[in-house]
Amino acid sequence: ADGGDAELELSAVRHQPEELERLLAQTKFTKKELQSLYRGFKNECPSGLVDEETFKLIYSQFFPQGDSSTYAHFLFDAFDADRNGALCFQDFVVGLSVLLRGTVQQKLKWAFNLYDLNKDGCITKEEMLEIMTSIYDMMGRCTQPPLRDSAPAEHVEAFFQ
């Protein structure tokens with residue numbers, strides 16, 4: 001590592017208590033939980049940032065029977081709150097806190113953001129069809145009974161009705 005990386009790492013360590021206090025206030029995790037999540041995050045992503053390709057790779061391990069890349073893209077966008085193309089620990093842990101311990105209202109708002117692909121405040125049938133198709137792709141073609149190719153569109157149509 002060059003001097004700049006070492007300086008950045010040192011800076012992060014020096015400011016850790018301040019960061020920890022901020023994350024304790026922003027999330028519903030305890031100090032021990034945050035420390036454990038941070039260790040896991042740094043273990044998977046030593047640089048402290050996750051780009052979309054790495055996120056897709058990690059996510060694909062949970063769904064080996066299908067293609068999770070499109071859904072992982074949508075999920076990545078939902079976690080990337082500051083829209084900078086990379087997930088830092090704060091992006092990850094704030095989203096995770098909402099999903100695991102948020103109120104129903106917070107979870108609904110997070111899910112709405114996931115489905116609102118162009119972030120215009122509305123979910124169209126087209127946006128929902130993109131999400132549904134990505135979910136069906138992720139689940140794979142090995143489901144029993146086998147799904148028809150029209151299943152995602154039928155699902156969306158039923159939802160909108």
Side-chain angles (χ1 to χ4, degrees), residues 12 16 19-20 22-24 26-120 123-160:
Q16 190 181 10
E19 279 295 306
L20 192 58
R22 197 169 83 220
L23 289 175
L24 279 168
Q26 280 184 297
T27 69
K28 294 185 177 169
F29 291 122
T30 66
K31 183 177 180 176
K32 275 192 186 314
E33 288 171 326
L34 283 170
Q35 288 169 330
S36 177
L37 285 166
Y38 184 72
R39 276 192 300 274
F41 186 87
K42 282 294 275 187
N43 191 44
E44 285 294 319
C45 312
S47 72
L49 290 175
V50 181
D51 64 13
E52 186 172 339
E53 288 312 306
T54 304
F55 184 83
K56 285 179 178 179
L57 191 65
I58 293 167
Y59 201 77
S60 71
Q61 295 170 24
F62 296 102
F63 297 93
Q65 75 281 12
D67 177 4
S68 64
S69 61
T70 305
Y71 186 75
H73 164 74
F74 298 142
L75 206 52
F76 180 87
D77 279 352
F79 271 103
D80 186 13
D82 55 9
R83 305 266 174 264
N84 68 351
L87 300 183
C88 63
F89 181 66
Q90 180 180 337
D91 291 335
F92 171 70
V93 82
V94 167
L96 198 59
S97 176
V98 169
L99 291 173
L100 295 177
R101 303 204 175 141
T103 64
V104 170
Q105 201 63 32
Q106 289 169 325
K107 289 176 183 179
L108 284 170
K109 187 177 177 184
W110 198 93
F112 186 92
N113 178 55
L114 171 67
Y115 279 74
D116 182 14
L117 299 179
N118 66 1
K119 311 300 179 216
D120 69 350
I123 299 171
T124 64
K125 276 187 181 180
E126 291 76 19
E127 287 171 316
M128 186 164 283
L129 181 58
E130 282 190 58
I131 294 277
M132 279 300 139
T133 302
S134 74
I135 291 170
Y136 278 79
D137 288 345
M138 180 174 62
M139 299 314 291
R141 297 286 174 198
C142 305
T143 56
Q144 290 299 327
L147 297 168
R148 295 185 311 281
D149 287 341
S150 59
E154 290 167 7
H155 196 137
V156 169
E157 202 51 50
F159 180 83
F160 270 82

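Nothing here was measured: the structure is a model prediction, and the numbers come from that model.
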Q) Does the side chain of Asp149 reach to within under 4.5 Å of the side chain of Tyr136, using non-hydrogen atoms? A) no
(Q) Applying ring pair (Phe, Tyr, Trp, His ring centres under 6.0 Å) as the test, list every pair that has at least one member in residues 98-119; sequence neighbours left out. (A) Phe79-Trp110
Q | Shortest non-hydrogen contact between Gln65 and Met139, atoms and distance | A | CG-O, 3.3 Å
(Q) Looking at Lys32, I want to see if its NZ is surrounded by more than 12 non-hydrogen atoms of other residues, nucleotides or ligands under 6.0 Å. (A) no
Q) Roughly how far, to the nearest 0.5 Å, is OG1 of Thr54 from NZ of Lys56? A) 11.0 Å
Q. Is it true that atom NZ of Lys107 has more than 12 heavy atoms of other residues, nucleotides or ligands lying nearer than 6.0 Å?
A. yes
Q) Rounded to the nearest 0.5 Å, how far does CG of Leu96 lie from CG of Asp91? A) 12.0 Å
Q) Minimum heavy-atom separation for Pro152 to Leu129, with atom names? A) C-CD1, 3.8 Å
(Q) Distance check, rounded to the nearest 0.5 Å: Glu130 atom CD versus His73 atom NE2? (A) 8.5 Å
Q | Closest heavy-atom pair and its distance - Glu127, Leu117 | A | OE2-N, 3.1 Å
**Q.** Considering all heavy atoms, the nearest Asp80-Gly85 contact
**A.** OD2-N, 2.8 Å
Q.
Applying side chain to side chain contact (heavy atoms under 4.5 Å, CB included) to Leu114 and Tyr71, what does each step give before you reach the verdict?
A. CA-CA 10 Å; Leu114 171 67; Tyr71 186 75; 3.8 Å; yes
Q. Looking at side-chain heavy atoms only, is the closest gap between Phe62 and Ser68 below 4.5 Å?
A. no
(Q) Quick check for you: to the nearest 0.5 Å, what is the distance between Tyr59 atom OH and Glu52 atom CD? (A) 13.5 Å
(Q) Given 3.5 Å as the limit, does a donor-acceptor pair link the side chain of Gln26 with the main chain of Val94, or not? (A) no
(Q) For a 4.5 angstrom cut-off between non-hydrogen side-chain atoms, does Arg22 reach Glu19? (A) yes
Q | Nearest atoms (heavy-atom pairs only) where Asp67 meets Ser69 | A | OD1-OG, 2.8 Å
Q: Kindly compute the distance separating CG (Leu75) from CD1 (Ile131), expressed to the nearest 0.5 Å.
A: 9.0 Å
**Q.** Sequence-distant partners of Val93, side chain to side chain contact (heavy atoms under 4.5 Å, CB included), two or more places apart
**A.** Leu23, Thr27, Phe29, Leu34, Leu37, Phe89
Q. Taking all non-hydrogen atoms of both residues, which atom of Leu87 and which atom of Phe76 are closest, and how far apart?
A. CG-CE1, 3.4 Å
Q: To the nearest 0.5 Å, tell me how far Glu157 CD sits from Glu154 CD.
A: 9.5 Å
Q. For atom NZ of Lys28, is the number of surrounding heavy atoms from other residues, nucleotides or ligands below 6.0 Å larger than 12?
A. yes
Q: Give a yes or no on whether Phe160 atom CZ has more than 12 heavy-atom contacts from other residues, nucleotides or ligands under 6.0 Å away.
A: yes
Q.
Using a 3.5 Å distance criterion without hydrogens, assess whether the side chain of Gln106 forms a donor-acceptor pair with backbone atoms of Val98.
A. no
